[in-house]
Structures are given as structure tokens and as C-alpha cells.
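Report on the structure given below.
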2 protein chains.
Amino acid sequence: MTENTPFDLQNFLPYLLNQAAEESSLAFQQVYKDRYGMLRTEWRVLFHLGIYGRLTAKEIGERSKMHKTKISRAVARLADRRFLTREQDDRDRRLEYLELTASGRAAYGDLRGVAERYDAQLSETLSPDENRLLRQALQKLARMG
Amino acid sequence: MTENTPFDLQNFLPYLLNQAAEESSLAFQQVYKDRYGMLRTEWRVLFHLGIYGRLTAKEIGERSKMHKTKISRAVARLADRRFLTREQDDRDRRLEYLELTASGRAAYGDLRGVAERYDAQLSETLSPDENRLLRQALQKLARMG
DNA sequence: TGTTGTTAGTTACAAAATCAACCATTAACA
DNA sequence: TGTTAATGGTTGATTTTGTAACTAACAACA
């Protein structure tokens, strides 16, 4: 007996997740790109420092799961534009502590507000139950690795 | 009064969706990459043709929301490797009908099986309710555009 | 017909992501 | 100590993507 049921691509989780991720990040991307000329890697580094304060590149990598070369380049660009400062650790000179400057914090505050409003707006398209379970399920999937 | 609650990055939908999408597509990517040397755009084109049969690049674009240049390049590579054939429409010579070859269908069948088993495996980490609502919510988000 | 506008698909070039090799520094330990 | 391994971070080469401009074919309509 041959399998004839058509495969439902729209319901294949890796595909579906990617479609949803792409669609839902478009509007936010528009903002950090147009307003600050940032890339995805850059707003992520900015947010990590905005939220957790002083961190090393390695710590950002652990929290964000971004590859270290991405982080290295994002940090370099953010430092060029004076959004953050780098300071070497005296004890272990391989380490560099990264910290937002005043304008880095301003950009973070601005984008954070945009993010909060945008997330709320996305949430409105879902019921409270959907929202709760969606986020819970996504957390599980994201933590699988 | 100043806002002091820390922003919850792990709960920001565009970020969370992206993390879940990336994590959940890793294992599948390994397969189509190692087994057939394909890129994400390529397995997607392959699947569209496997599922819907003969299609033009434009139709694939409408269904997948991929940009036409991505599709053009994916089609070129798949044609090079003899996974599909291109046939010009006599009536409108701008159109090219794409169709899987025998080995294209074989690759599709193989990867489709992998995808089905993998999706089932992902589903197991979630409760039936979570699964249903997750997919429903993702569909809504993906269709927002 | 001829002109103008659209459409399907490709190509060229710039921007970005990936991967491996690379420094400099610290750790481990014979 | 001296040697080897591991770590934090950067760099360079290659691959992939993104953007715009392009070609060829068709459509609309004067």
C-alpha cells in the first residue's frame, strides 16, 4: 500500500515556526533598521546589555545562543557607533566587559518600548489561552537543544 | 516614575519565535544538508513540487512567500543536480513549468518521511492541547502579513 | 501596428552569515 | 618552570542572501 495523503507543509513545525518568526519580526526589524541602522545581531546584543548590564561577549553568547563571530562583529559595530564601551579585565586579559553608553541606553530604552508595544499588539491577535500556551510551548521548543 | 521592570527578552515573540524556529529546524537541516547538500530554500522548493506537482516559480513564490530571486537560485541548483526539469509554456513563453524528476521524487519521499517523523517527535514534547493551540496560534501569526 | 506598461524570471553587485584558522592569554600539570 | 591544552575573542575566505536593475515576453489600448 502506498502513502497518498499529501504532506501538510503548513503544519510542519520547523516550517511553520519559521514563517511565523519571519512574519512577526518584520515590523520590529523595520524600526531598529530605519531608526538606528542596526542588524538583528546588533539589537540583540544591545538588549542583552540593556537588560543584564555589564557582560562579556562570552556571556552574551551563552544567553543568546548566537555564535561568537556574530557577537564579535555586532559588538565591534556597536562600539564604533558609541553605543557601548569595552573594558578589559585586569585579572584575565582575555575578557572584555561590555557596557552601554548613555546613547546605547537611550537606544535600548526606545527600542524596548517599541518591542513592548509591538508584542502587546501581536498578542491581541490571539486569545489569552492561545497566548499563554503559545509562549509556554515555544519556551519548551527553544530549550530543547 | 521610572520604569524599572526588566524587559523579558525570552518572552518577546519575535525573539522567542526565532529561537524556537532555529532550535527546531537544526536536526532537520542536518538531514537535508548532509544527505542531499541542500539549502533551506532548496528543500522548500522540492517539497512544494513534491506536494503540489507541476508548478511555475511564480506559483511557488505565492505559496511559500519566498522572494523570487531565492526561488530562481534554488530552482537553478535543483535543475543542475537533476532533481527537477523545466519546461516552457508554449502559450506564454515567460512561464516555466517545474516538475520533479524520478530522483527528485525519491529525495522528496525520503525527506518527507524524515519530516513526518521529526514533527511527530517534536510534538511529543508538548501536550495535545499545547500542540493544537500552538499550531493554531502560529498559523494566525504567519498569516498576519 | 506602435507605444507604454506589466509580468516571469535572471543576473550583478553589495551586505551579511558561516566556517575555519588564527592570536593572545590563561590553565593544567609533568 | 616548560610544555601542552583550553579559552575568549578576532580575522579572512567562502557561501548565502538581499536589492536593484535587467531581459524577454506579453497585454492594453490609442
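Just so it is clear, the structure is predicted and the values come from calculations on it, not from any experiment. Every chain is numbered from 1, with letters handed out A, B, ... down the list of sequences.
- Taking 3.5 Å as the limit, the base of C/dT18 and the side chain of A/R73 contain a donor-acceptor pair of atoms between them.
- Taking only side-chain atoms of A/A57, from C-beta outward, the nucleotide of C/dA16, D/dC26, D/dG9 with the closest atom is D/dG9.
- Picking from C/dG9, C/dA17, D/dT10 the nucleotide with the shortest atom distance to the side chain of A/T69 gives D/dT10.
- For B/R77, the listed nucleotide lying nearest its side chain is D/dT16; candidates were D/dT16, C/dT11, D/dT10.
- Residue A/M66 contributes atom CE, which lies 16 Å from atom P of D/dG8 at whole-angstrom precision.
- Rounded to whole Å, the distance from CD1 on A/I60 to C1' on D/dT7 is 17 Å.
- Atom CG of B/L55 is separated from atom P of C/dA8 by 14 Å (rounded to the nearest Å).
- Side chains of B/R135 and B/S123: a donor on one and an acceptor on the other come within 3.5 Å.
- The side chain of B/R93 approaches D/dA25 more closely than any other nucleotide in the set D/dA25, D/dT16, D/dT10.
- Comparing atom distances between the A/R94 side chain and each of D/dT10, C/dT26, D/dT19 picks out C/dT26 as nearest.
- Taking atom CD on A/Q29 and atom P on C/dA16, their separation rounds to 11 Å, with Å as the unit.
- At least one donor-acceptor pair closer than 3.5 Å links the side chain of B/E59 to the backbone N or O of B/T56.
- Between B/L95 and A/D92, the residue anchored closer to the 5' end of DNA chain C is B/L95, taking for each the nucleotide with the nearest heavy atom.
- With distances taken from any side-chain atom of A/K70 to the nucleotides D/dT16, C/dG9, C/dA17, the minimum falls on C/dA17.
- Here C/dC23 presents its P atom at 19 Å from CD of A/E96, a figure rounded to the nearest Å.
- A/L78 has its CG atom 15 Å from the P atom of D/dG9, to the nearest Å.
- The side chain of A/S72 lies closest to D/dT11 when the candidates are C/dT26, D/dT11, C/dA8.
- Counting heavy atoms from C-beta on, the side chains of B/E42 and B/V45 never come closer than 4.5 Å.
- Side-chain proximity of B/T41 to the nucleotides D/dT17, D/dT16, C/dT18 is greatest for D/dT17.
- Close to D/dT11, at under 4.0 Å from its OP1 or OP2, lies no side-chain N or O of A/K68.
- In this structure, A/Q88 places its CD atom 10 Å from P of D/dT10, rounding to the nearest Å.
- Remark: the A/R117 side chain and the A/Q121 side chain contain no N/O donor-acceptor pair separated by less than 3.5 Å.
- Place A/D90 and B/E59 on DNA chain C by their nearest nucleotides, and B/E59 ends up nearer the 5' end.
- Between the NE2 atom of B/H67 and the P atom of C/dG9 there is a distance of 13 Å, rounded to whole Å.
- Between A/Y32 and A/W43, the ring planes lie tilted relative to each other; the angle falls in the 30° to 60° range.
- Side-chain atoms of A/K58 and base atoms of D/dG8 include no donor and acceptor less than 3.5 Å apart.
- Using a 4.0 Å heavy-atom distance criterion, B/I71 is classed as making no nucleic acid contact.
- Under the 6.0 Å distance and 45° angle rule, B/R63 counts as a cation-pi partner of B/Y52.
- The side chain of A/R40 places no N or O atom within less than 4.0 Å of a non-bridging phosphate oxygen (OP1 or OP2) of C/dA15.
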